[in-house]
Amino acid sequence: MYFQLTEDQRALRDGTRELLAGRFGRDRLRAAVGDPALDRALWRELGAAGFFALRLPEEAGGVGLGLPEAVLVLEEAGRALLPGPLVACQLLAGAVDGVASGEKIVGLCEGEREPVLWEHPADCDELILVEGGAGRSAHGSGGEAWGAQGSGGEAGGAQGRTGSAYRSAPDRVACAPFASVDPLTPLARVTDLPRTEPLALEVPRLRREATLLTAAQQLGSAARTVEMAVRHAREREQFGAPVGSFQAVKHLCAQMLVRAEMARSAVYAAAVTESALDVTAAKLLADEAAVANARDCLQVHGGMGFTWEADVHLHLKRAWLRAARWEVAREAEELLAAGLIA
């Protein structure tokens, strides 16, 4: 298999980075810390740029690309710390009207996980709850986004192959406040959701792709903290020399790069193979890279890395949050161990 990016994929990655740098730069990031409500204008602009309709067929108004391209886009979103239920909107663009264009924001919850957490509850126009479907075979396939086969992008009615999904309006969901470690990601704990409107989704595949796209966000954050640490190590001086010239700091930065590149290889490969075990390994490595790199980046920054004004803590908190979604470490380790002895 050939895992190098094509010219078109590099252009997509660079274009996404340029768009996010222009519309969600550091000033907007810091403003969002104080007011985490999602910017609807930005969401619509992302929709117009094809961010959510990336994998919908062209005849359905989408871009017609695949999972590897979605990984590249979500990696850039993770690099920029772009907030919002991006993975949910990517996966449900063909299943819920208005999501592909950015006019509607949809949330996605795992019904079996306790607590059942809902990201950005005040901003979502619908909530989708998935239950079951966690057991996966070693290989999976498929290309287009969920529900693309439905008329007008609307899917509904039946249970998935294994597992089920339900849609609900926000005012019908009972929830309680829940403190979020990430100031950019408000959370609520879902206490009750009416299971009266089923949504036809292939739940095992949705879970697998949600896991991979979350890993792509973690990869973007891990790569960004490498850049932040190296830049600071070059600019910050102690004892008349850049701190990057000290061996201990060199080792930290080198270890950060190794983690990020290992995660990159795993995430990109899983996007091509779509194997359940490859996705599980990618999520495990990406979570480790995002969390450990943010911690080491903070270490390289020294005392100023602990301050609220530095952005390092935002990457660490987002990494913690994403590591607790869609296959946490203990689940991934058990799945991989079972795969090795199968």
Side-chain angles (χ1 to χ4, degrees), residues 26 29-30 32-33 36 74-83 86-87 117 119 178-187 211-238 242-268 280-333 336:
R26 189 174 187 276
L29 172 66
R30 300 305 302 200
V33 172
L74 267 295
E75 179 186 346
E76 290 303 316
R79 184 180 183 277
L81 285 179
L82 183 67
L86 301 167
V87 170
L117 296 180
E119 295 184 10
F178 193 89
S180 175
V181 68
D182 178 12
L184 292 160
T185 309
L187 296 174
T211 300
L212 181 60
L213 295 180
T214 302
Q217 291 179 299
Q218 294 282 62
L219 169 60
S221 179
R224 177 59 180 152
T225 49
V226 174
E227 297 171 5
M228 294 167 64
V230 170
R231 184 181 66 239
H232 182 80
R234 286 173 173 168
E235 296 173 353
R236 179 70 172 173
E237 292 191 0
Q238 288 289 339
V243 297
S245 65
F246 304 148
Q247 190 175 48
V249 176
K250 289 180 181 179
H251 285 178
L252 279 177
C253 292
Q255 290 166 359
M256 291 173 67
L257 179 62
V258 169
R259 286 191 207 103
E261 291 307 310
M262 286 180 62
R264 186 186 308 281
S265 297
V267 171
Y268 286 8
T280 296
K283 178 63 160 54
L284 185 64
L285 288 171
D287 284 343
E288 179 185 3
V291 173
N293 278 13
R295 285 174 168 164
D296 283 351
C297 182
L298 192 150
Q299 183 73 21
V300 171
H301 278 72
M304 67 181 298
F306 289 86
T307 64
W308 186 260
E309 290 75 15
D311 294 339
V312 184
H313 70 98
L314 298 177
H315 281 275
L316 180 57
K317 292 169 181 175
R318 181 68 61 83
W320 279 333
L321 183 72
R322 294 286 174 251
R325 297 297 309 274
W326 305 109
E327 287 189 6
V328 299
R330 64 180 180 275
E331 296 170 352
E333 290 165 354
L336 289 171

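Quick note: residue numbers are just sequence positions, from 1. All of these numbers come straight from a predicted model, not from anything done at the bench. Any value given below was found using the heavy atoms of this structure, including those in side chains, with hydrogens, waters and symmetry copies removed.
Annotation for A323 and V328: closest pair O-CG1, 3.5 Å, computed over non-hydrogen atoms. Nearest heavy-atom pair, L213 versus L74, reported as atom, atom and distance to 0.1 Å: O-CB, 4.0 Å. When all heavy atoms are compared, the tightest approach of S180 to T185 is OG-O, 2.7 Å. When all heavy atoms are compared, the tightest approach of R318 to Q218 is O-OE1, 4.3 Å. The minimum heavy-atom distance between A263 and A286, with the atom names listed, is CB-CA, 3.9 Å. Of all the heavy atoms in Q238 and F246, the pair that sits closest is O-CZ, 3.5 Å.
From D182, atom CG reaches atom CG of L314 across 7.0 Å, with rounding to the nearest 0.5 Å. The OG1 atom of T214 sits 12.5 Å away from the CG atom of L219 when rounded to the nearest 0.5 Å. In this structure, the separation between OG1 on T225 and CE on M228 is 7.5 Å, given to the nearest 0.5 Å. Here the OG1 atom belonging to T280 is positioned 10.0 Å from the CG atom belonging to L212, to the nearest 0.5 angstrom.
Pairs passing the salt bridge (Lys or Arg N to Asp or Glu O under 4.0 Å) check and including a residue from residues 299-315, sequence neighbours excluded, read R26-D311, R30-D311.
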Please output the side-chain donor-acceptor pairs of residues 247-258 that fall under 3.5 Å, not counting sequence neighbours, one pair per line with the distance.
none

Sequence neighbours excluded and cut-off under 3.5 Å, please list the side-chain donor-acceptor pairs for residues 300-308, or say none.
from, atom 1, to, atom 2, distance (Å)
H301, ND1, C297, O, 2.9
T307, OG1, M304, O, 2.7

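Residues forming a side-chain hydrogen bond (donor to acceptor under 3.5 Å, both in side chains) with E75 (at least two apart in sequence, or on another chain): R264, Y268. Residues that satisfy the side-chain hydrogen bond (donor to acceptor under 3.5 Å, both in side chains) test with R234, not counting sequence neighbours, are absent from this structure. A292 pairs by the side chain to side chain contact (heavy atoms under 4.5 Å, CB included) definition with R259, not counting sequence neighbours. A266 pairs by the side chain to side chain contact (heavy atoms under 4.5 Å, CB included) definition with A282, L285, not counting sequence neighbours. For H232, the side-chain hydrogen bond (donor to acceptor under 3.5 Å, both in side chains) criterion is met by no residue, not counting sequence neighbours. Under the side-chain hydrogen bond (donor to acceptor under 3.5 Å, both in side chains) criterion, E331 pairs with R113, sequence neighbours left out. Every residue two or more places apart in sequence or in another chain that forms a salt bridge (charged side-chain N to carboxylate O under 4.0 Å, His left out) with E119 is listed here: R322, R325.
If you run side chain to side chain contact (heavy atoms under 4.5 Å, CB included) between R79 and each of E227, H315, Q217, only E227 comes through.
For the pair R330 and E333, the salt-bridge criterion is not met [side-chain N within less than 4.0 Å of a carboxylate O].
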